[in-house]
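Notes follow once the structure below has been shown.
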Amino acid sequence: QVQLVEFGGGLVQAGGSLRLSCTASGRTFSSYSMGWFRQAPGKEREFVATIGWTGDYTYYADSVKGRFTISRDNAKNTVYLQMNSLKPEDTAVYSCAARSGGPASTPHTYNSWGQGTQVTVSS
């Protein structure tokens, strides 16, 4: 397993942008697929985006497609989530996660999680 720490959350107005970062410990980061998930108060955890080992494969939830971009820098053990055109409904705690298999949208298949970072979008 790897240890994950997220950075970059905050308060932003609707239409604005934020970039989240997630840095992993360990030397095997490049062997993990990574995902971003979010959870709003009173709601279940929701898939946002996932990326494969090399970064060539990405997949997004329909709700963020065209607005969010997931990317990774294996040399820095970091995965990013660039969020543009933010909406109030994007408000949630965003968490990154790692899994040793291929990229996936189901949270229970990930075995390492960060502590989460709050993103609040005001209208």
Side-chain angles (χ1 to χ4, degrees):
Q1 292 189 349
V2 293
Q3 291 186 331
L4 305 172
V5 180
E6 298 98 337
F7 302 92
L11 173 65
V12 63
Q13 289 188 334
S17 298
L18 280 175
R19 188 175 82 155
L20 305 182
S21 302
C22 170
T23 300
S25 63
R27 296 174 290 178
T28 60
F29 176 74
S30 60
S31 66
Y32 288 91
S33 294
M34 301 297 296
W36 283 98
F37 296 82
R38 66 187 183 186
Q39 188 166 21
K43 295 187 176 182
E44 292 188 354
R45 181 174 284 166
E46 175 188 22
F47 166 74
V48 175
T50 185
I51 189 167
W53 305 306
T54 64
D56 289 345
Y57 177 85
T58 58
Y59 178 69
Y60 299 89
D62 288 343
S63 58
V64 307
K65 198 174 297 182
R67 300 188 297 122
F68 291 11
T69 302
I70 188 171
S71 62
R72 66 189 296 162
D73 185 338
N74 286 342
K76 296 181 178 180
N77 280 13
T78 301
V79 62
Y80 304 96
L81 185 68
Q82 177 67 44
M83 305 185 295
N84 298 329
S85 303
L86 283 161
K87 305 175 181 179
E89 52 264 43
D90 294 319
T91 295
V93 174
Y94 284 70
S95 299
C96 66
R99 66 188 303 268
S100 53
S105 61
T106 47
H108 74 268
T109 67
Y110 286 77
N111 43 33
S112 296
W113 290 84
Q115 82 289 350
T117 185
Q118 177 70 46
V119 171
T120 303
V121 184
S122 63
S123 57

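Worth saying up front: this structure is predicted, and the values here are computed from it rather than measured.
Under 3.5 Å, the side chains of T91 and T120 contain no donor-acceptor pair of N or O atoms.
Cluster membership check: F68 does not share its hydrophobic cluster with Y80, using side-chain heavy-atom separations under 4.5 Å among Ile, Leu, Val, Met, Phe, Trp and Tyr. Cluster membership for V121 and V48, using ILVMFWY side-chain heavy atoms within less than 4.5 angstrom, is shared. Transitive grouping of hydrophobic side chains (ILVMFWY, heavy atoms separated by less than 4.5 Å) keeps Y110 and V64 in distinct clusters.
A donor-acceptor contact shorter than 3.5 Å links the side chain of T50 to the backbone of M34. Side-chain atoms of Y60 come within 3.5 Å of backbone atoms of I70 as a donor-acceptor pair (strictly under, hydrogens ignored).
Under the 6.0 Å distance and 45° angle rule, R38 does not count as a cation-pi partner of Y94.
Residues meeting the side-chain hydrogen bond (donor to acceptor under 3.5 Å, both in side chains) test with R67, sequence neighbours left out: D90. By the ring-ring contact (aromatic ring centres under 6.0 Å, His included) test, F47 pairs with F37, Y59, sequence neighbours left out.
Contact of the S63 side chain with the E46 side chain is registered, since non-hydrogen atoms from C-beta on lie closer than 4.5 Å. At least one side-chain heavy atom of P107 sits less than 4.5 Å from a side-chain heavy atom of W113. Side-chain contact check for S95 versus W36: every heavy-atom pair is 4.5 Å or farther apart. Side-chain contact between M83 and L20 is present, with at least one heavy-atom pair separated by less than 4.5 Å. Here the side chains of V79 and L81 are not in contact, with every heavy-atom distance at 4.5 Å or above.
Rounding to the nearest 0.5 Å places CH2 of W53 at 13.0 Å from OG1 of T28. Atom CZ of R99 sits about 11.5 Å away from atom OG of S112, to the nearest 0.5 Å. Atom CZ of F7 and atom OG1 of T78 lie 8.5 Å apart (nearest 0.5 Å). One distance of note links NZ of K76 with CG of N74; it measures 12.0 Å at 0.5 Å rounding.
Here the shortest heavy-atom pairing between L18 and L86 reads N-CD1, 3.9 Å. Residues R72 and S30 come closest through the heavy atom pair NH2-CA, 4.0 Å. T109 and A104 make their closest contact through OG1-CB, 3.8 Å (heavy atoms, listed as atom of the first residue, atom of the second, distance). Of all heavy-atom pairs spanning P88 and A14, the tightest one is CD-CB, 4.1 Å. In this structure, A98 and V2 approach most closely via the heavy-atom pair CB-CG2, 3.8 Å. Of all heavy-atom pairs between C96 and E6, the closest is N-OE2, 2.9 Å.
Within a 6.0 Å sphere centred on CD of Q3, heavy atoms belonging to other residues, nucleotides or ligands number 12 at most. In this structure, K65 places its NZ atom where more than 12 heavy-atom neighbours from other residues, nucleotides or ligands lie under 6.0 Å away.
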With side chain to side chain donor-acceptor pair (under 3.5 Å) as the criterion, how do S17 and N84 come out once you've worked through the C-alpha distance, each side chain's angles and the decisive distance to 0.1 Å?
CA-CA 4 Å; S17 298; N84 298 329; 2.9 Å; yes
